[in-house]
Protein chains: 2
Amino acid sequence: MSERDSERSVSQTVRAQLALRDMILSGQLRPGERISELQAVDITHVSRTPVRLALVRLEDEGLLQAIPSGGFMVKAFSERDILDSIELRGTLEGLAARFAAERGASARNLEPLKECLADLDQLVRQDPVSEEAFSAYVTLNARFHALLTELSGSAPLIRQIDRVSALPFASPSGFVMAQSALPEAHQILLIAQDHHRIVVDAIENREGTRAEAVMREHSRLAARNLRLALRNRTHLDLLPALALLKSAAD
Amino acid sequence: MSERDSERSVSQTVRAQLALRDMILSGQLRPGERISELQAVDITHVSRTPVRLALVRLEDEGLLQAIPSGGFMVKAFSERDILDSIELRGTLEGLAARFAAERGASARNLEPLKECLADLDQLVRQDPVSEEAFSAYVTLNARFHALLTELSGSAPLIRQIDRVSALPFASPSGFVMAQSALPEAHQILLIAQDHHRIVVDAIENREGTRAEAVMREHSRLAARNLRLALRNRTHLDLLPALALLKSAAD
DNA sequence: TGAACTCATTATGTATACATATATCTCGAT
DNA sequence: ATCGAGATATATGTATACATAATGAGTTCA
C-alpha cells in the first residue's frame, strides 16, 4: 500500500526514469539500441515532456548516450570501461578518506562509521555466510561507504563519488552479490572487512596517505570479483549491471 | 556573421543554457537566488520547455542547485568548495597521467602533447610576459590538459574530468588570468611549465606514480593562485568564476 | 548493379494550455 | 500584536499540438 502511495506521490518524471532505468539494467533495452521518445512514452505511459526529462537525467547518470543528431541510445561499456570506473571510484574514495584523516574527523562523526564496522564484523564472523547475511552485508557495506564519503566533509567530492557510484557496476556493492557464488567468497569478505577496519583506524590516527592507499586497494576487490565472475561464467544472472557490457559477439 | 549563423542554427535549449550560464558567471544572478522558469523565459526569450531543459543541464553542470520543493537556485560555493574542486581535478588528472604512463602511450599519441609543450615553452621564455602571451598561454594550457586527459585512453575518466572542469574555478585555466596580475606571475608560469615537462617525461618513461604525483601537485598551483588573488584583492574582476563565491558578508 | 534522389515516415524541437502544488498576503480572531 | 486560516497569486508539473529536421524506402537514372 505504501508502495502505491509513493507511486502516486512521485512525479511522472521520476516514474519514467525508474521504469526506463529498470529496463536498461535488466537488459530489455540493449546497449547501442536507440530509444525514441515515443517508444519511451509507450513503455512508461507518461507523456513526452517528463519522458524527455527522464532521458536527460539518465544521460548524465551515464546509462544513456546522446546521439549527435538528437535522441538517445543505451550506452555500451567495455570490460575496460568497467574496470576503469572501479579504479576511478577507488581513487575518489581514497581522496575522501584522506580528507577525513587530514582534516581530523571528530570522534562524534566517527561514531556511526565505527558502529557500522562493528555490525559488519558480526556478519563476517559466520563461516559459511548465509544468503541473507550476504544481502545484509550489501546493505551495510553501502552504508559504510556512504558514511566514509560523508566524512570527507567535502560537498564537491561527495557529489562526484555519488555520480560515479550511480553506475551499478562502479558502485561499492556492485559485485558483492556475484561474489557470494564464488568459492573464494568468505576469504574476500574477510579481506574487505580488514580494509574497512584499517581505513577507520588510519582516519582516527590522521594517517591520510595510509587511508587513501587502503581505499584505493579496497576498490580493486571489486575488480577482482568482476574478473572471477566473468571467468566462471556461472551466476552472471546475479549481475544485472552486466547487461550494459558490450558483448564480444557484437 | 558566422556568429549570427551559429546563433540561428543552435537549438533554443542551448541558447538558453548559454545565456543563463553567462548571467550566473557574470554575477547578474547571485548565489542563493531562486531562478524561476518564467523569469528564465523572460531573460532568454525562449519558451518554458527548452528553458527547463537548460536549467536541468545547468544543474548537472553544477551551477544550479535543485530546490526540494521544485525549481532551481544559483549554487553558492565556499572558498573550501573551490579548493576541494581543484584538488579533485588534480587527483583525476593525476589518475589520467598514471593511466597514460602505465598503459604505455604510444610515441604517435605523445606527439601532439610534445608539440603543445614546445609551444608553451616559447611563450614562457619571454621575461615580462605580455598580456597577449598570457592569453595564448591560457589556450595552450587548456589544450595541454585536454590532450593529457585524452591520453589516459579511459572514457569514464575523461567524462569525469570534463564534468569537474566544467566548473570555471576548477578548470585548468581558471586562475591563470588572475595570476597575470600578480608579481609572482612569471615565476609561477615557469614552475607550471616545469610540471608539464616532467609529466610528459614520466609518461614517456612509464613512471606512473611520478606522473600522478606531479599532476596532483600541478593542480595546487591553481589553489595558490586563488589564495594570492583573494589576498591582494585587486584584479578579482579577472575572475568571473568568483561570482559564485559565498560572500562572508551574507 | 549501384548510386543518388524523392518522398513518406518518424524522429526530435518548441510553444502553449491546463493541472496542481507551493508560497504569500490579507484578514480576522484571540 | 501575534498567530492562524483562507484566498490569491505564482510556481512547477504535465499533456499535447504543431513545426522542423532526420531517416529510410522505393524508384529512377547512370
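Naming: A, B, ... by sequence-line order, numbering from 1 per chain.
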Task: Salt bridge B:E61-B:R57, side-chain N to carboxylate O under 4.0 Å - done: no
Open item on the list: What I want to find out is whether A:R98 reaches B:E87 closely enough, with some N-O distance under 4.0 Å, to be called a salt bridge.
Closed with: yes
Once you round it to whole Å, what is the distance between [atom2] of [N] and [atom1] of [X]?
X     : N      : atom1 : atom2 : answer
B:Q12 : D:dA21 : CD    : P     : 12 Å
B:I67 : D:dA11 : CD1   : C1'   : 10 Å
B:Q39 : D:dT10 : CD    : P     : 14 Å
A:F72 : C:dT12 : CZ    : C1'   : 10 Å
B:R15 : C:dT14 : CZ    : P     : 8 Å
B:R48 : C:dA17 : CZ    : P     : 12 Å
B:L53 : C:dT14 : CG    : P     : 8 Å
B:E37 : C:dA19 : CD    : C1'   : 14 Å

Task: B:G71 vs A:T49, nearer the 5' end of DNA chain D by closest nucleotide - done: B:G71
Task: Given DNA chain D, 5'-ward residue of the pair B:L38 and A:P50, judged by closest heavy atom - done: B:L38
Task: Of the listed nucleotides C:dT12, D:dT23, D:dA15, the one nearest the side chain of A:S69 - done: D:dT23
Open item on the list: Testing the basics here: between B:F99 and B:S152, what is the closest heavy-atom pair and its distance to 0.1 Å?
Closed with: CB-O, 3.9 Å
Task: Residue met sooner reading DNA chain C from 5', once B:R34 and B:S47 are mapped to nucleotides - done: B:S47
TODO: Please confirm whether the backbone N or O of B:V10 pairs with a side-chain atom of B:R15, one donor and one acceptor, at under 3.5 Å?
DONE: yes
